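Note sheet for the following structure.
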Number of protein chains: 4
Amino acid sequence: MTTTTNSGRARSREGGGRRRARGAAAPASERRDHLVRLAAELFAKKGFQATTVREIADEAGILSGSLYHHFDSKESIVDEILSNFYTELKAANRAAIEQGGPDEALGALVRIAFGTLEPHRAAITVLQNDWNYLKGLDRFAYLIKAEEDVEEMWITAIRSGQDAGLFRADLEPRLTYRMIRDTIWVTVRWFHTDGFDTEALTAHYLNVLLDGIHIH
Amino acid sequence: MTTTTNSGRARSREGGGRRRARGAAAPASERRDHLVRLAAELFAKKGFQATTVREIADEAGILSGSLYHHFDSKESIVDEILSNFYTELKAANRAAIEQGGPDEALGALVRIAFGTLEPHRAAITVLQNDWNYLKGLDRFAYLIKAEEDVEEMWITAIRSGQDAGLFRADLEPRLTYRMIRDTIWVTVRWFHTDGFDTEALTAHYLNVLLDGIHIH
Amino acid sequence: MTTTTNSGRARSREGGGRRRARGAAAPASERRDHLVRLAAELFAKKGFQATTVREIADEAGILSGSLYHHFDSKESIVDEILSNFYTELKAANRAAIEQGGPDEALGALVRIAFGTLEPHRAAITVLQNDWNYLKGLDRFAYLIKAEEDVEEMWITAIRSGQDAGLFRADLEPRLTYRMIRDTIWVTVRWFHTDGFDTEALTAHYLNVLLDGIHIH
Amino acid sequence: MTTTTNSGRARSREGGGRRRARGAAAPASERRDHLVRLAAELFAKKGFQATTVREIADEAGILSGSLYHHFDSKESIVDEILSNFYTELKAANRAAIEQGGPDEALGALVRIAFGTLEPHRAAITVLQNDWNYLKGLDRFAYLIKAEEDVEEMWITAIRSGQDAGLFRADLEPRLTYRMIRDTIWVTVRWFHTDGFDTEALTAHYLNVLLDGIHIH
DNA sequence: CATGAATGAGTTTTCATTCAT
DNA sequence: GATGAATGAAAACTCATTCAT
């Protein structure tokens, strides 16, 4: 159930290749991490497909071929970005739901979700914009599993709140989760550029989500 | 304020081309409409960039070159899809806000938004997934204007509700609009596949949005 | 057991692609056949890997990218060459072993093998020189099967000769087949260039093979 | 007639390089020999072109760049493999043809040829599979000469047998040599893997070659 | 001796688009 | 309207080789 990075496997030439089959995760190095970060920015800004490896290399001040010293493929770069994101998200969520009552748990999940917006802006953006394309590639099948794991945690938290009589019983948990998740993550498209700060945004959302638009 | 289709203008090689000049709306024909619909499905499923004209042609049972008897370019196909959507949406919204109080108006806007999900599933999907790319193209600048027009209608409705003491005054109208719009449209990714029906979905959303998750 | 051409399947982008999935064999056309023949010459002369698609295109007087209008990949070109060869060889062999006694059958098999040298010089050359590389690719696994089919025909013929008391019983059929086959095909490397004609070569080989070097 | 290793000469960029000039045989070392052996295995398994220096380095547990402390180039590795082979083969052949009559001489040449199959499996495999490519490189011109020397020895032996009335006079010596040589060496492709042992194989071949398939 | 990073020139492949028939 | 063939520009990727540390 460990969402290990896929980086490094699935070489095309099916014959003999072996190249970094051992451990699992790619051989982290400072240089490599730096390149991943540069690529992430570009992927977020222009989209995965629309970003060329040349652009990534240009950004790093090297030639495009030189990128392949560090990565197997363009896909393996985005793989690293996305798997990092899910690894962190799952760990944070797991810690969150083990403490406090349903209200605290749900609040924590929401806050974590908002909290990922900045550090993982690129990953979330890519997930929003390019998932439709990436999901078609075998290599990213594991992300579907990761997302399901996250969903389960939310649903559990929502159910607890309903059982405790805190949350409305007529809410369909899965639907509610998706609504909240998408509502939060979709803001990645504009919250940053338009000068809202995360704190205010989080507060606003929690407010509306928990208490509605109507005046009671 | 007429958002005319852009089809046919702004050819990249502006040199010799002539082909249906003067913004005259594209020559509608059954065959053409059919092709647009096939393309829309593919754009929605695989993304605009990832869909090749060959795939569109394949789907139609013709060769890719033959598509160019009907369209100037691949872009002009998606243009048609998107402009149709905005034309309809704006018309519907305009009609909606001219009737009833703020509560009815907002409810109508929400219902219209949900109502576009099925007939314009492809357009909305493309807008979600490929907008980041498309917005970079001059030809689609008019869509930014269209979206702003829509935003204005929503904001007006929300402000009316606040002024009437119906909606909470602490809500930032623009933020609230985006939150609602994104929340609704982002469902295009799963509402269809996972067996929820539009009616139930709309009700659920309105419920949560207007009255919150908490029990009052 | 049909050695169908592999051309056209195994597209890389595993997602949605379909492109010519129907029938099986690629859509034959004169142009296409011509290109295959040009490529075959080059593959034979320089080896599969050492021949670039640019060279093939140059030979045809088109640009390298234009080749992909006709073929999926460089591999699919060589696939066509090799599968054609085995299809013909198997058909000819099958017809041969159904007539006459073991002596005639073996003679016919040898003659067929020699007979392929000229029309299928390229295929045999590629098989000699590049098989080591090609066999590593999944796409060519079917050739292993084809070769086994051929082997079986020979072994059956040899066994019949032994059972009939015509051929020496101490000969290991499989070993003998391979020795003969390789002996014949390996000549593809020089018989052509050095001015031997097929007739004389065949006679010489049959002579030595059947009656040995020694004087009796 | 000394077949000196070519290692080190004929660098492609003849401009600035200097590195171990003057045909002086390469500096043998245990480490170096080990690397050559590893490379030989890979060349035999995958072909010269298809084997990357990275794979060789991987096999040795070092980085590809480090290989260049031991070798000038990838070509110089295969050069070492091939020249070793021919040096040994010629020496052995020379010794063989100086003793006994034509029958013994031819038998000895055949036995030597078979005897090289195991210790020089890689060299012979490369010669079979990659010669077509390598022969195009200036650096390997000397191998053509070496092969001609070997051919001459065989032809001399065969002619002696014919002159002595032992071998059939109608056999063309050069053709016969090539047939025998290729017949033997081509087995390098399967004799090893399929469980035949050299002894049995040699006996079988000599048997068939000298006395034919027919019963006399 | 080895590493780690990079070069540079090449390779195969992709695909929207054009156009004579 | 459609075909079939091609263009052309760019894409991802490969890999032997170099070299400062």
Side-chain angles (χ1 to χ4, degrees), chain A residues 11-13 27 29-32 35 49-57 60-76, chain B residues 11-13 16-17 19 29 31-32 49-57 60-77, chain C residues 11-13 27 29-32 35 49-57 60-75, chain D residues 11-13 16-17 19 29 31-32 49-57 60-75 77:
Chain A
R11 315 267 13 272
S12 47
R13 201 63 63 66
S29 84
E30 263 184 58
R31 186 77 179 116
R32 187 188 165 93
L35 294 172
Q49 292 174 89
T51 302
T52 69
V53 292
R54 232 204 298 268
E55 285 166 336
I56 301 171
I62 58 178
L63 291 176
S64 68
S66 306
L67 273 180
Y68 290 81
H69 181 65
H70 302 276
F71 306 98
D72 269 10
S73 64
K74 190 179 156 189
E75 281 173 19
S76 82
Chain B
R11 316 260 20 271
S12 43
R13 311 256 178 82
R19 211 178 290 212
S29 85
R31 185 94 177 98
R32 187 187 163 91
Q49 292 174 87
T51 301
T52 68
V53 293
R54 201 146 152 176
E55 284 166 338
I56 300 171
I62 59 178
L63 290 178
S64 64
S66 307
L67 273 179
Y68 288 79
H69 284 289
H70 303 277
F71 306 97
D72 269 10
S73 66
K74 189 179 159 190
E75 281 172 19
S76 81
I77 305 179
Chain C
R11 315 262 21 270
S12 46
R13 200 67 57 67
S29 85
E30 264 183 58
R31 187 76 179 116
R32 187 187 164 93
L35 294 172
Q49 293 175 86
T51 302
T52 69
V53 293
R54 238 210 286 275
E55 285 166 335
I56 301 172
I62 58 178
L63 291 177
S64 70
S66 305
L67 274 180
Y68 289 80
H69 180 65
H70 302 277
F71 306 97
D72 270 8
S73 64
K74 189 180 158 190
E75 280 173 18
Chain D
R11 315 255 25 267
S12 42
R13 311 258 177 82
R19 206 181 290 212
S29 85
R31 185 91 177 101
R32 187 187 163 90
Q49 292 175 85
T51 302
T52 68
V53 293
R54 201 148 153 175
E55 284 167 336
I56 301 171
I62 58 179
L63 289 178
S64 64
S66 308
L67 274 180
Y68 289 79
H69 285 289
H70 302 279
F71 306 97
D72 269 8
S73 66
K74 190 180 160 191
E75 282 172 18
I77 306 180

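Keep in mind the model is a prediction, meaning the values are calculated, not measured. Chain naming here is simple, since letters A, B, ... match the order of the sequence lines and numbering starts at 1 in each.
Atom CZ in A:Phe71 sits about 11 Å away from atom P in E:dA5, given to the nearest Å. We find that CG of B:Leu67 is positioned 12 Å from C1' of F:dG1, with the value rounded to whole Å. Note: CD (B:Gln49) to P (F:dA10) measures 16 Å, nearest angstrom. Across the protein-nucleic acid pair, D:Ile56 atom CD1 and F:dT17 atom P stand 10 Å apart, rounded to whole Å. Rounded to whole Å, the distance from CG on C:Asp72 to C1' on E:dT12 is 13 Å. The separation between C:His69 atom NE2 and E:dA16 atom P is 14 Å, rounded to whole Å. Between B:Glu75 atom CD and E:dA16 atom P the separation is 11 Å, expressed in whole Å.
C:Ser73 comes within 4.0 angstrom of sugar-phosphate atoms only, judged by non-hydrogen atoms across all strands, and of no base. At the heavy-atom level, B:Leu63 lies under 4.0 Å from base atoms of the strands shown. Residue-level contact check: D:Arg31 touches the backbone only, with heavy atoms under 4.0 Å from sugar-phosphate atoms and none from bases.
Put simply, CD on C:Glu75 and OG on C:Ser73 are 5.0 Å apart, with the number rounded to the nearest 0.5 Å. Remark: B:Ile77 CD1 to B:Leu67 CG distance equals 5.5 Å, nearest 0.5 Å.
Side-chain atoms of B:Ser64 lie closest to E:dT17 of the nucleotides E:dT17, E:dA5, E:dT3.
Within the 4.0 Å cut-off from OP1 or OP2 of F:dA2, at least one side-chain nitrogen or oxygen of B:His70 is found. Listed pair B:Ser66 / F:dT3 meets the phosphate criterion, a side-chain N or O lying under 4.0 Å from OP1 or OP2. Between F:dA10 and A:Arg54, no contact under 4.0 Å exists linking OP1 or OP2 to a side-chain N or O. Checking the phosphate oxygens (OP1, OP2) of E:dT14, no side-chain nitrogen or oxygen of C:Tyr68 falls inside 4.0 Å.
Residue order along DNA chain E, read from the 5' end via each residue's closest nucleotide, puts A:Ala60 first among B:Lys74 and A:Ala60. Mapped onto DNA chain E by nearest heavy atom, B:Gly65 and A:Ile62 fall at different nucleotides, with A:Ile62 at the one closer to the 5' end. Mapped onto DNA chain F by nearest heavy atom, C:Glu30 and A:Val53 fall at different nucleotides, with C:Glu30 at the one closer to the 5' end.
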Test side-chain contact (heavy atoms from CB on, under 4.5 Å) on B:His69 and B:Ile62; report intermediate values, then the result. CA-CA 11 Å; B:His69 284 289; B:Ile62 59 178; over 6 Å; no
Starting from the C-alpha separation in whole Å, work towards a yes-or-no answer on side-chain contact (heavy atoms from CB on, under 4.5 Å) for D:Phe71 and D:Val53. CA-CA 11 Å; D:Phe71 306 97; D:Val53 293; over 6 Å; no
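When both pairing distances are held under 3.5 Å, F:dT21 makes a Watson-Crick or G-U pair with E:dA2. Across every strand in view, E:dT7 sits in a pair with F:dA16 that passes the Watson-Crick or G-U test at under 3.5 angstrom.
Without hydrogens or angle criteria, B:Arg32 side chain to B:His70 main chain gives a donor-acceptor distance under 3.5 Å.
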